[in-house]
Amino acid sequence: MRAVRLTASGQEPTLTEVERPAPRGEEVLVRVEAAGLCHSDLHVVDGPAGALPYRPPFTLGHEVAGHISALGPDADGPALGERVVLYGPWGCGDCARCTTGRDNYCDRRGELGWHGVGLGRDGGMAEYVLVPFARHLVPIGDLPADQAAPLSDAGLTSYHAIAGLRHALGDGTTAAVIGVGGLGHLAIQILRATTPSSVLAVDIREEALALAHRTGAHFATLIQADTARALRAQTGGVGVDAVLDFVGNATTLELATEVLRPGGELAVVGSAGGRLTVRKPGVLPPGFRLSLPFWGTRPELAEVIALARSGALHVETEQFPLSGAPEAFGRLRQGQVRGRAVLVPD
Ligand code: FEH
Ligand code: ZN
Ligand code: ZN
């Protein structure tokens with residue numbers, strides 16, 4: 001079968017012929033219908049050797065949807081042919097977190113040498129992918145694969161970040177989304193579908209502001225000198241109750257701290273590596289709370305899929321054939337993908 005393989009850190013992934021895996025024990029083989037491309041894939045590919053605990057070679061792709069092609073003799077769960085999306089943050093499988101569907105916060109995360117499917121383990125940028133347990137599969141019914149795949153990472157990560165702030169997002173509140181890309185445009189929809197908050201959006205690209213309005217933002221603006229003033233004005237001057245920063249660089253972190261209301265919450269989801277000084281006394285608002293959410297839980301993935309199947313979520317995607325993976329990586333690197341890039345086996 002063909003697979004987009006990372007053969008060595010710092011080298012471009014290549015489309016390679018590898019043996020199709022056969023499921024054993026509890027394993028399940030999934031025929032891939034779509035695999036999303038994430039900025040983290042660029043970090044995995046471009047990162048210097050040793051920056052991540054992974055040991056190439058392995059197949060990339062941690063946002064995967066398809067249908068069940070074969071079952072190991074001890075596999076229980078969805079039936080042959082059932083269409084599914086993969087819960088991607090595979091952990092050790094038997095710690096207190098993994099056995100309760102919170103593999104994203106596995107207690108042995110630092111010992112494993114991987115973070116999940118396509119992240120140190122063979123992933124779904126391929127014709128087939130092997131899944132260790134049926135519990136990592138969520139049925140998607142008739143949801144199109146190019147919609148379901150991005151929901152397993154971009155959608156789940158946004159949903160999990162919002163879940164951690166939900167107590168701050170009641171009536172009369174305001175949420176700000178910084179970065180309206182693959183995750184941010186879904187966060188806007190999730191906020192609109194699951195909270196009464198007014199939603200403000202910020203980005204550096206005009207086309208992203210249009211996407212923000214299309215997906216339900218009440219207000220959208222470019223990031224510029226007076227953005228903090230413009231955002232605060234949308235709150236009647238009190239400030240924003242919660243900021244979701246899907247970029248995470250120095251500029252966006254500073255903007256977040258300038259607009260947060262006393263008692264406000266900041267969730268930093270983006271991995272641009274910006275720094276924030278947290279000290280007392282300092283410039284942060286009293287009651288400031290910070291979170292660094294990672295991916296999401298297995299129950300939350302089922303909730304995201306249910307939201308999408310109810311019509312509340314639509315993923316803006318740009319499809320590429322699996323053989324077009326190099327072009328897709330290049331376009332993502334240049335910031336020229338609208339929404340989420342999705343590879344479809346050709
Ligand atoms: C995966 C592995 C490591 C860092 C970040 C990620 C995210 O893309 C998962 O949503
Ligand atoms: Zn990702
Ligand atoms: Zn674990």
Side-chain angles (χ1 to χ4, degrees), residues 4 6 9 13 34-48 50-56 58-65 85-125 132-133 135-136 148-164 179 181-187 190 244-248 267-273 291-298 300-301 304 315 317 328-329 332-333 337 339-343:
V4 179
L6 180 70
S9 295
L37 185 52
C38 174
H39 274 96
S40 300
D41 291 310
L42 299 181
H43 295 317
V44 172
V45 169
D46 298 341
L52 289 165
Y54 312 151
R55 293 183 286 275
F58 60 88
T59 300
L60 294 165
H62 60 273
E63 274 190 347
V64 189
V85 69
L86 274 62
Y87 175 65
W90 303 343
C92 71
D94 53 29
C95 73
R97 298 291 177 78
C98 289
T99 51
T100 52
R102 293 175 294 160
D103 306 54
N104 55 318
Y105 297 133
C106 169
D107 286 323
R108 300 194 183 98
R109 189 175 191 276
E111 306 160 21
L112 300 174
W114 73 81
H115 289 140
V117 61
L119 297 162
R121 301 277 295 269
D122 281 340
M125 288 184 190
F133 303 107
R135 71 166 186 267
H136 290 326
L151 292 174
S152 66
D153 178 19
L156 176 56
T157 300
S158 302
Y159 188 88
H160 179 65
I162 291 166
L183 279 77
H185 86 289
L186 291 170
I190 294 166
L244 292 135
D245 184 349
F246 290 101
V247 178
V268 181
V269 186
S271 305
S291 59
L292 301 175
F294 176 72
W295 219 329
T297 70
R298 199 287 189 190
E300 288 171 335
L301 179 54
V304 170
V315 188
T317 63
F329 271 85
L332 183 65
R333 237 186 218 100
V337 171
R340 200 69 163 178
V342 179
L343 302 182

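Every number for a ligand or one of its atoms is a count from 1 in the order of the listing.
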J.: Would you give the angle at the Zn ion (ligand 3) between Cys106 atom SG and Cys92 atom SG, to the nearest 10°?
T.: 110°
J.: Short question: side chain of Trp114, backbone of Arg55 - any donor-acceptor pair under 3.5 Å?
T.: no
J.: By number and element, which atoms of ligand 1 are closer than 4.0 Å to a non-hydrogen atom of Thr157?
T.: 10 (O)
J.: Got a sec: is His39 within less than 2.8 Å of the Zn ion (ligand 2) via an N/O/S atom?
T.: no
J.: Heavy atoms only: give me the nearest Ala161-Pro293 pair and the separation to one decimal.
T.: CB-CG, 3.7 Å
J.: Could you find the nearest protein heavy atom to atom 1 (C) of ligand 1 and give me its residue, atom name and distance?
T.: Leu119 CD1, 3.6 Å
J.: What protein heavy atom sits nearest atom 10 (O) of ligand 1, and how far off is it?
T.: Asp153 OD1, 2.3 Å
J.: For atom 6 (C) of ligand 1, tell me which residue out of Ser40, Gly182, Cys38 has the closest non-hydrogen atom.
T.: Ser40
J.: Once you restrict to heavy atoms under 4.0 Å, what part of His43 touches ligand 1? Side chain, backbone, both or neither.
T.: neither
J.: Is the side chain of Tyr87 donor-acceptor paired with the backbone N or O of Gly296 at a distance under 3.5 Å, no angle test?
T.: yes
J.: Which atoms of ligand 1 sit under 4.0 Å from any heavy atom of His62?
T.: 8 (O)
J.: So, for Tyr54 and His115, is the gap between ring centers shorter than 6.0 Å?
T.: yes
J.: Suppose you place the vertex at the Zn ion (ligand 2); what is the angle out to Asp153 OD2 and His62 NE2, to 10°?
T.: 90°
J.: Give the residue and atom name of whichever protein heavy atom lies nearest to atom 4 (C) of ligand 1, and the separation in Å to one decimal.
T.: Phe294 CE1, 3.8 Å
J.: For the backbone of Arg97 and the side chain of Thr100, can you confirm whether one donor and one acceptor N or O come within less than 3.5 Å of each other?
T.: yes
J.: In Å and rounded to the nearest 0.5 Å, what is the SG to NE2 distance from Cys38 to His62?
T.: 3.5 Å
J.: If you measure from CG on Asp153 to CG on Leu86, what distance do you get to the nearest 0.5 Å?
T.: 12.0 Å
